Protein chains: 2
Amino acid sequence: MTAQPFPVSEIVAAQRPHRKDAARNYDALITAAREAFAEHGAEASLEDIARRAGVGIGTLYRNFPTRRHLFESVYAGEVNDLCRVAGQVADREPWEALTSWLHRFVDYTVTKRAIREAMDDESDIFLACRESMYQAGGPLFERAQKAGAARTDLNFDDLLRMVAGITATNFLDDAQRDRVLGVALDGVRTPAV
Amino acid sequence: MTAQPFPVSEIVAAQRPHRKDAARNYDALITAAREAFAEHGAEASLEDIARRAGVGIGTLYRNFPTRRHLFESVYAGEVNDLCRVAGQVADREPWEALTSWLHRFVDYTVTKRAIREAMDDESDIFLACRESMYQAGGPLFERAQKAGAARTDLNFDDLLRMVAGITATNFLDDAQRDRVLGVALDGVRTPAV
DNA sequence: GTTGAAGCGGAGGTCTGCCTCCGTTACAGT
DNA sequence: ACTGTAACGGAGGCAGACCTCCGCTTCAAC
């Protein structure tokens with residue numbers, strides 16, 4: 001267990017309750033919510049989530065006073081994971097490191113359908129998520145730019161939103177999503193002179 | 001008024017009722033629904049749409065027995081408009097024609113938030129919409145490919161979904177959306193040899 | 001102008017989700 | 001083992017959306 005330098009990681013750790021049964025329920029709720037959000041988007045029924053988790057609706061509300069709290073916790077968990085992945089690819093070639101991280105982003109993120117909304121949210125947690133993503137992915141992008149592999153007339157926010165858009169889109173299959181992401185990323189590449 | 005060769009155009013024309021008051025209400029409902037879908041996505045409240053249109057909920061249901069019927073009609077109207085635009089750009093340079101049509105797509109479409117779902121729907125009307133989009137935009141793409149301006153290792157469906165993804169994404173402003181779309185389309189361009 | 005049919009609208013029944021409240025249960029510190 | 005407290009869970013009240021039904025209105029054909 002290494003140190004977690006990202007703002008979001010503290011938030012993630014601080015939420016989980018101490019008592020044994022409470023912690024178990026908390027985990028079950030996060031898991032169930034991840035599934036439900038993946039299937040139905042951020043509007044998934046909270047009572048359904050509680051049912052899936054095998055806990056009462058009251059327990060859900062005690063842990064997460066609002067729908068937003070719950071969604072934030074799920075999303076923050078995913079962002080936290082992705083930030084750690086960014087460290088793991090740092091030793092590769094600049095362009096390879098960047099694109100493999102972005103591919104991971106679209107494949108891993110299960111809250112796909114709700115990402116667009118999260119991009120514009122100004123609450124503390126979403127700000128921390130974005131801040132963490134910048135800290136984790138920004139250096140990969142800058143390194144690719146400095147290496148002459150990525151064009152310099154767009155910024156990291158542009159790139160992240162482009163990838164988020166592709167992430168949130170339905171494709172016929174994973175092969176098509178990969179193909180399309182590859183094409184879009186080719187546009188980010190510095191054109192051959 | 002020229003002939004409309006697209007499958008969707010017949011559908012659009014056939015829906016509108018004959019009687020004067022009925023036609024007026026129909027138009028008001030389509031307009032109100034366009035607004036509501038733009039604001040709240042495809043799950044917008046039907047009672048709210050009827051209120052905006054200034055008609056009773058019963059009138060809404062008589063014209064559109066289900067939410068799907070209403071959404072299909074709004075969407076088909078937009079597709080119909082876009083298909084006509086495709087004819088208007090056909091005299092430009094191949095690459096210019098294609099990209100200006102696609103920019104028009106992201107700017108004009110007001111049902112942005114619901115497009116992703118429409119891409120995968122198998123109902124008659126959505127099939128007709130997609131068929132029409134292929135008839136209208138496919139030739140622009142093929143012409144760009146034949147002219148050596150667009151790469152040949154992706155198909156028109158790939159392209160449309162990529163653009164739809166960017167369309168449905170929230171950006172900070174229109175300039176960012178345009179910038180990102182431009183970058184993604186650069187990826188579609190044949191790389192300089 | 002008459003008249004029949006097409007169209008109108010909204011009251012109201014139903015369903016589903018949200019959220020609170022409180023009697024019961026299970027944990028953990030002593 | 002005991003016990004205070006934190007956590008549990010689901011009944012139930014509330015809100016809002018869906019959709020039907022039917023008495024009233026408006027159109028347009030004659």
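Because the structure is a prediction, the values reported are computed rather than measured. A note on names: the letters A, B, ... follow the listed sequences, proteins ahead of strands, and every chain is numbered from 1.
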| Are Y134(A) and F6(A) an aromatic pair by the rule of ring centers under 6.0 Å? | no
| remark: note: I49(A), atom CD1; dT16(C), atom P; distance rounded to Å ~ 18 Å
| query | If you draw a 6.0 Å radius around CD in E96(B), do more than 12 non-hydrogen atoms from other residues or ligands fall strictly inside? | reply | yes
| If every non-hydrogen atom of P94(B) is compared with every non-hydrogen atom of A144(B), which pair is closest and at what distance? | CB-CA, 3.9 Å
Using a cut-off of under 3.5 Å, enumerate the N/O to N/O pairs linking the protein to nucleotides 16-23 of chain D.
residue: dC18(D); atom: OP1; partner: R67(B); partner atom: NH2; Å: 2.2
residue: dC18(D); atom: OP2; partner: L46(B); partner atom: N; Å: 2.9
residue: dC18(D); atom: N4; partner: E47(B); partner atom: OE2; Å: 3.3
residue: dC19(D); atom: OP2; partner: Y61(B); partner atom: OH; Å: 3.0
residue: dC19(D); atom: N4; partner: E47(B); partner atom: OE2; Å: 3.0

| said: Keeping R177(B) on the side-chain end and D107(B) on the backbone end, is there a donor-acceptor pair under 3.5 Å? | reply: no
| query | If we only count heavy atoms from C-beta on, is the L102(B) to L159(B) side-chain gap below 4.5 Å? | reply | yes
| task | Return the orientation label for the F141(A) and F156(A) ring planes: parallel under 30°, perpendicular over 60°, tilted otherwise. | result | tilted
| message | Any salt bridge linking R24(A) with D27(A)? Criterion: basic side-chain nitrogen under 4.0 Å from a carboxylate oxygen. | response | no
| Is there a side-chain contact between E72(A) and D124(A) (heavy atoms, below 4.5 Å)? | no
Every protein N/O lying under 3.5 Å from an N/O of nucleotides 26-29 of chain C:
residue: dA28(C); atom: OP1; partner: K20(A); partner atom: N; Å: 3.0

| said: Check this one for me: any side-chain N or O of T59(A) less than 4.0 Å away from OP1 or OP2 of dA7(D)? | reply: no
| query | To the nearest angstrom, how far is F64(A) atom CZ from dC18(C) atom P? | reply | 15 Å
| query | Between dA6(C) atom P and N25(B) atom CG, what is the distance in whole Å? | reply | 17 Å
| field | Stem segments of DNA chain D by first residue number [Watson-Crick or G-U, under 3.5 Å, at least 3] | value | C:1-30 with D:1-30
| task | Hey, can you tell me if F71(A) and F37(A) have their rings parallel, tilted or perpendicular (30° and 60° cut-offs)? | result | perpendicular
| query | Hey, are the side chains of R151(A) and D186(B) touching, using non-hydrogen atoms and a 4.5 Å cut-off? | reply | yes
